[in-house]
Structures are given as structure tokens and as C-alpha cells.
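FYI, side chains are in, hydrogens and waters are out, and symmetry mates aren't considered; it's all heavy atoms of this structure. Bear in mind the structure is a predicted one, so any value in this text is a computation, not a measurement.
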Amino acid sequence: MKLYLSVLVLFVFVAIAFVFGTQNDQIIQLNYIIAKSRMSVAMAVSLFTLIGFIIGVLTMFSVMLSRKIKRMRKTNNAQRQ
């Protein structure tokens, strides 16, 4: 049930993003530290959303890995005693 709800929420977000992308075709200029680029608002939002998603997934995996390492150390210390 949880999987179906997650997929439904994902499809709702994709539909909202599609509608947003079709309505915002204005060109903006982004100034980076070392470069400039021109892209549509929808592309910029998509790019920054993807970057945020990747950062979130990497953070989640690092937290999960650190918890797993702590549990493994705890069980190893308990077995040694």
C-alpha cells in the first residue's frame, strides 16, 4: 500500500511539473561564479530540483551508512565482551 501511495504522489508531482513547464517558456539568464547561461524558467527549475534530489539522496545514504556502521561496531563490541 505504501508503494502505491508513493507512486501516486510521484505521478502527481510529475503532472504538476509538466503543467508548470508548459506554462513557463520565458528565457532567463543565470549568472554562475565563473559562467553565464540562458535557459527557460522550466529548465532552470528542473535542473535545480534534480540537483536538490541528488543531494537529498546522497545525504540519506550517508546517514543510513553511518547508522549501519554504528550498529555493526556495537554488535562487534558486544560479541568481544
Side-chain angles (χ1 to χ4, degrees):
M1 182 69 183
K2 186 177 180 181
L3 177 66
Y4 294 127
L5 185 61
S6 298
V7 170
L8 177 68
V9 169
L10 179 67
F11 281 133
V12 168
F13 282 140
V14 168
I16 291 171
F18 179 74
V19 170
F20 179 77
T22 59
Q23 298 297 317
N24 289 299
D25 57 352
Q26 298 97 353
I27 301 296
I28 59 171
Q29 182 173 352
L30 295 174
N31 295 320
Y32 306 112
I33 294 173
I34 57 173
K36 293 180 183 180
S37 66
R38 294 177 59 87
M39 64 179 66
S40 68
V41 174
M43 185 182 291
V45 169
S46 299
L47 176 70
F48 294 128
T49 301
L50 178 67
I51 291 170
F53 179 77
I54 290 170
I55 290 171
V57 167
L58 291 175
T59 303
M60 180 190 69
F61 282 142
S62 68
V63 168
M64 289 174 57
L65 185 63
S66 67
R67 287 182 181 178
K68 192 170 196 174
I69 290 171
K70 284 181 184 179
R71 272 189 266 134
M72 288 175 61
R73 285 183 182 166
K74 196 175 195 180
T75 57
N76 285 343
N77 288 339
Q79 289 176 354
R80 289 182 186 171
Q81 293 177 357

inquiry  = Counting neighbours of CE on Met60 that are heavy atoms of other residues, nucleotides or ligands and sit closer than 6.0 Å, is the number greater than 12?
reply    = yes
task = Report yes or no: do Met64 and Phe53 belong to one cluster of Ile/Leu/Val/Met/Phe/Trp/Tyr joined by side chain heavy-atom distances under 4.5 Å?
result = yes
inquiry  = Taking the side chain as everything from C-beta on, heavy atoms only, tell me whether Arg73 gets closer than 4.5 Å to Ile69.
reply    = yes
task = Hey, could you give me the CD/OG distance between Gln26 and Ser40, rounded to the nearest 0.5 Å?
result = 9.0 Å
query = What about Val57 and Phe48, same hydrophobic cluster or not, with Ile/Leu/Val/Met/Phe/Trp/Tyr joined at side-chain heavy-atom distances under 4.5 Å?
reply = no
Shared hydrophobic cluster, Val45 / Ile54 (ILVMFWY, side-chain heavy atoms < 4.5 Å) = no
query = Got a sec: does the OH of Tyr32 have more than 12 other heavy atoms crowding it under 6.0 Å?
reply = yes
message = I'd like to know if Leu47 and Ile55 are part of one continuous hydrophobic network [Ile/Leu/Val/Met/Phe/Trp/Tyr, side-chain heavy atoms within less than 4.5 Å].
response = yes
remark   = Heavy-atom nearest pair, Leu30 first then Ala44, reads CD1-CB, 4.2 Å
key: Distance, nearest 0.5 Å, that separates NZ of Lys70 from NZ of Lys74   = 10.5 Å
inquiry  = A quick test of your reading: do over 12 heavy atoms of other residues, nucleotides or ligands sit less than 6.0 Å from CZ of Phe13?
reply    = no
task = Please round to the nearest 0.5 Å and tell me the distance separating atom CD1 of Ile27 and atom CE of Met43.
result = 8.0 Å
query = Is it true that Leu58 and Leu50 fall in one hydrophobic cluster, defined by side-chain heavy atoms closer than 4.5 Å?
reply = yes
inquiry  = Checking one residue: Val19. Which other hydrophobic residues are in its cluster under the side-chain 4.5 Å linking rule?
reply    = none
